[in-house]
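Worksheet: the structure to be examined is printed underneath.
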Number of protein chains: 2
Amino acid sequence: MAESTVLIVDDESAIRDMVTVALEVAGYRCLQAENARDAHALIIDEKPDLVLLDWMMPETSGLELLRRLRRDELTAKLPVIMLTAKAEEDNMIQGLNSGADDYMSKPFSPRELIARIKSALRRQKAVNQEEPIQLDGLLFDPISHHVSIHDKALSMGPTEFRLLSFFLSHQDRVYSRDQILDHVWGGNVYMDERTVDVHIRRLRKALSIDGHERFIQTVRGAGYRFSQKLVAD
Amino acid sequence: MAESTVLIVDDESAIRDMVTVALEVAGYRCLQAENARDAHALIIDEKPDLVLLDWMMPETSGLELLRRLRRDELTAKLPVIMLTAKAEEDNMIQGLNSGADDYMSKPFSPRELIARIKSALRRQKAVNQEEPIQLDGLLFDPISHHVSIHDKALSMGPTEFRLLSFFLSHQDRVYSRDQILDHVWGGNVYMDERTVDVHIRRLRKALSIDGHERFIQTVRGAGYRFSQKLVAD
DNA sequence: CGACAGCGTGACAATTATATGACATTAGTG
DNA sequence: CACTAATGTCATATAATTGTCACGCTGTCG
């Protein structure tokens, strides 16, 4: 499982560092920003999985940044946890109404912070979950993690499952091994492109019915394509 | 939509009355209790939808009552919001660890209180299970706490019982260890995910007939799934 | 027709995930 | 207070998965 990246936005470096240490121990990658402008740039650039956002900051406030994020389609669903001092608790309502996913009052315990981050990330994942997909005898259910062809259950490893999931939502289009690595293995992985071949092979095998394979076509020199149609190319 | 009932537990009548007024204005039905014993009785008797629980009370403390509620399957899922004085804030962590859904520091604004109650009730919206469940030889009675397979009574601990209860109302769906922790151990719990494995094991054992296990499938890299069907995965 | 690059295939060892049994601690019970 | 059951964590055992490789096949192009 790829580690998640968390962006910490706070004008006090002591807070940033404290949180960074706690999160890194817990296995998260951390980014820091000390104002809303830097934060926004980092969000666009580094695409963190979650943002910890301080309420009170010089210049643009955390609330204002939150509103901007929510207005932009690309960042509308980015999980944001607001950090507030005790005295500002009244404002939390406003924060939650503006689209924060959660909030925490300072001071907070690292354990609680981790728990909330986990929880927020998980909810986010759930949002991206899809409906069962059915095509040409193939049934793919991301909820139950069930894959079957003509009611016959198929068995495959987690990577093949993700690969199939990717293909199903990107049909009829050729993807290079690089692109597939990016999408299925997530982010910047240093890995042999040929590994994709092997997993394609495994997926093909898993999807095959009595030795007859379908769905995945090789496009020589370019990559692979998933297609319902039996294309003679 | 039927109005929700909120039980307010606090030894100071001034607080109880203030909160009662605020909640009734907002359209909630209110019950009051001035100590843990009365509160417990009211919870059993009136089955409120949510409890506002003061931390510091004479005799049994709010925390102790909370723990008792969480231990009993019947009240394990009842939303509880802890009320604490500012000076006790350190204890909140402990409160959250014991299964409170949220907490509020006195003095609090009615607005915020309403918002949190709404939020907690919304989260709760899930299951309120009363009917016995029967499937494929397995009989699960949430009222008598009886579980049997083909009329043969099974024995399991409270945690396994809750786990089974959760699975029965969430069949054919994969849940991560984290999610299972949240649902079965109650919200804000910080515990080793592997504990789930152990309890899965215990439940499997309890549900097994002459060494043959069913119902619970492992989904590698994802979590566990409860399914009536015997799926070759 | 070579020669070569791209791809398929099976095997394999390292890695990772899960299962299991044991144990110390704590909660429940009378 | 003593006793029993239940719980959570570990250490270890087992199993599945993963990435890489070597080798063989196939189409391509001069």
Side-chain angles (χ1 to χ4, degrees), chain A residues 1-3 27 111 145 154-164 174-178 180-181 184-186 189-208 211-225 232-233, chain B residues 40 60 63-73 76 94 97-99 145 154-164 174-178 180-181 184-186 189-208 211-213 215-225 232-233:
Chain A
M1 206 185 309
E3 66 180 357
R111 279 210 306 177
H145 265 241
L154 306 180
S155 151
M156 64 184 72
T159 305
E160 282 70 57
F161 189 85
R162 271 181 287 134
L163 184 57
L164 176 58
V174 177
Y175 288 90
S176 70
R177 292 167 174 72
D178 256 345
I180 293 174
L181 268 185
V184 177
W185 274 257
V189 248
Y190 171 70
M191 215 181 303
D192 189 340
E193 290 190 356
R194 293 288 313 258
T195 300
V196 174
D197 296 28
V198 178
H199 283 278
I200 288 281
R201 149 90 175 131
R202 286 170 182 157
L203 180 54
R204 276 174 168 159
K205 207 168 180 179
L207 292 177
S208 74
H212 203 68
E213 295 175 357
R214 277 192 308 169
F215 295 120
I216 301 174
Q217 290 110 39
T218 303
V219 180
R220 204 181 168 82
Y224 297 96
R225 172 181 52 205
D233 61 312
Chain B
H40 206 176
T60 315
L63 178 63
E64 184 50 34
L65 175 57
L66 175 60
R67 285 193 173 134
R68 285 192 201 160
L69 291 176
R70 288 303 180 237
R71 258 184 251 124
D72 183 348
E73 284 83 14
Q94 199 182 350
N97 280 336
S98 298
H145 278 217
L154 305 181
S155 144
M156 63 182 72
T159 304
E160 282 70 56
F161 187 87
R162 288 201 309 274
L163 184 57
L164 177 57
V174 175
Y175 288 91
S176 69
R177 291 167 174 72
D178 255 348
I180 294 173
L181 267 186
V184 176
W185 274 257
V189 163
Y190 319 99
M191 214 181 329
D192 191 336
E193 292 186 357
R194 284 171 188 175
T195 302
V196 174
D197 296 41
V198 178
H199 283 276
I200 287 281
R201 149 101 173 117
R202 287 169 181 157
L203 180 55
R204 276 174 168 161
K205 210 167 179 179
L207 291 177
S208 73
H212 203 68
E213 295 175 357
F215 295 120
I216 301 174
Q217 289 117 36
T218 303
V219 180
R220 214 149 224 278
Y224 295 97
R225 171 182 55 204
D233 206 308

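Note: hydrogens, waters and symmetry copies are ignored here, and every other heavy atom, side chains too, is used. Below, read A as the first sequence line, B as the second, and so on, with proteins coming before strands; counting in each chain starts at 1.
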Counting side-chain heavy atoms from C-beta on, which of [options] comes nearest to [X]?
X        : options               : value
A:Met191 : C:dG8, D:dT7, D:dT20  : D:dT20
A:Arg177 : C:dG21, C:dC7, D:dG8  : C:dC7
B:Pro158 : D:dG8, D:dA6, C:dG21  : D:dA6
A:Glu160 : D:dT18, D:dT9, C:dG8  : D:dT18
B:Arg201 : C:dC7, D:dT18, C:dT20 : C:dT20

Quick one: [X] [atom1] to [N] [atom2], roughly how many Å, whole number?
X        : N      : atom1 : atom2 : value
B:His145 : D:dA6  : NE2   : P     : 14 Å
B:Arg202 : D:dG8  : CZ    : P     : 8 Å
B:His199 : C:dA19 : NE2   : C1'   : 15 Å
A:Asp197 : D:dG19 : CG    : C1'   : 12 Å
B:Gln217 : C:dA19 : CD    : C1'   : 16 Å
A:Glu213 : C:dG8  : CD    : P     : 10 Å
A:Arg162 : D:dG19 : CZ    : P     : 8 Å
A:Tyr190 : D:dG19 : OH    : P     : 14 Å

Heavy-atom distance under 4.5 Å between the side chains of [X] and [Y], does that happen here?
X        : Y        : result
A:Val184 : A:Glu160 : no
B:Met156 : B:Leu203 : yes
A:Arg225 : A:Phe215 : no
B:His199 : B:Trp185 : yes

Does [N] have its OP1 or OP2 closer than 4.0 Å to a side-chain nitrogen or oxygen of [X]?
X        : N     : answer
B:Thr159 : D:dT7 : yes
B:Trp185 : D:dG8 : yes
A:Tyr224 : C:dG8 : yes
A:Thr218 : C:dG6 : no

So, taking the atom named CG in A:Leu164 and the one named CG in A:Leu154, what distance separates them when rounded to the nearest 0.5 Å?
9.0 Å
Which heavy atom in A:Ser155 sits nearest to a heavy atom in A:Ala206, and how many Å separate them?
O-CB, 3.7 Å
Under the side chain to side chain contact (heavy atoms under 4.5 Å, CB included) test, residues paired with B:Arg177 that sit two or more places apart:
B:Glu193, B:Val196, B:Asp197, B:Tyr224
With A:Val198 via side chain to side chain contact (heavy atoms under 4.5 Å, CB included) - residues at least two apart
A:Arg202
For A:Phe161, answer base if it contacts any base atom (sugar-phosphate contacts may also be present), sugar-phosphate if it contacts only those atoms, and nothing otherwise; contact means non-hydrogen atoms under 4.0 Å.
nothing
Heavy-atom contacts, protein to nucleotides 21-30 of chain D, under 4.0 Å, summarised as B (base), S (sugar-phosphate only) or - (none) per nt, yield B----BB---
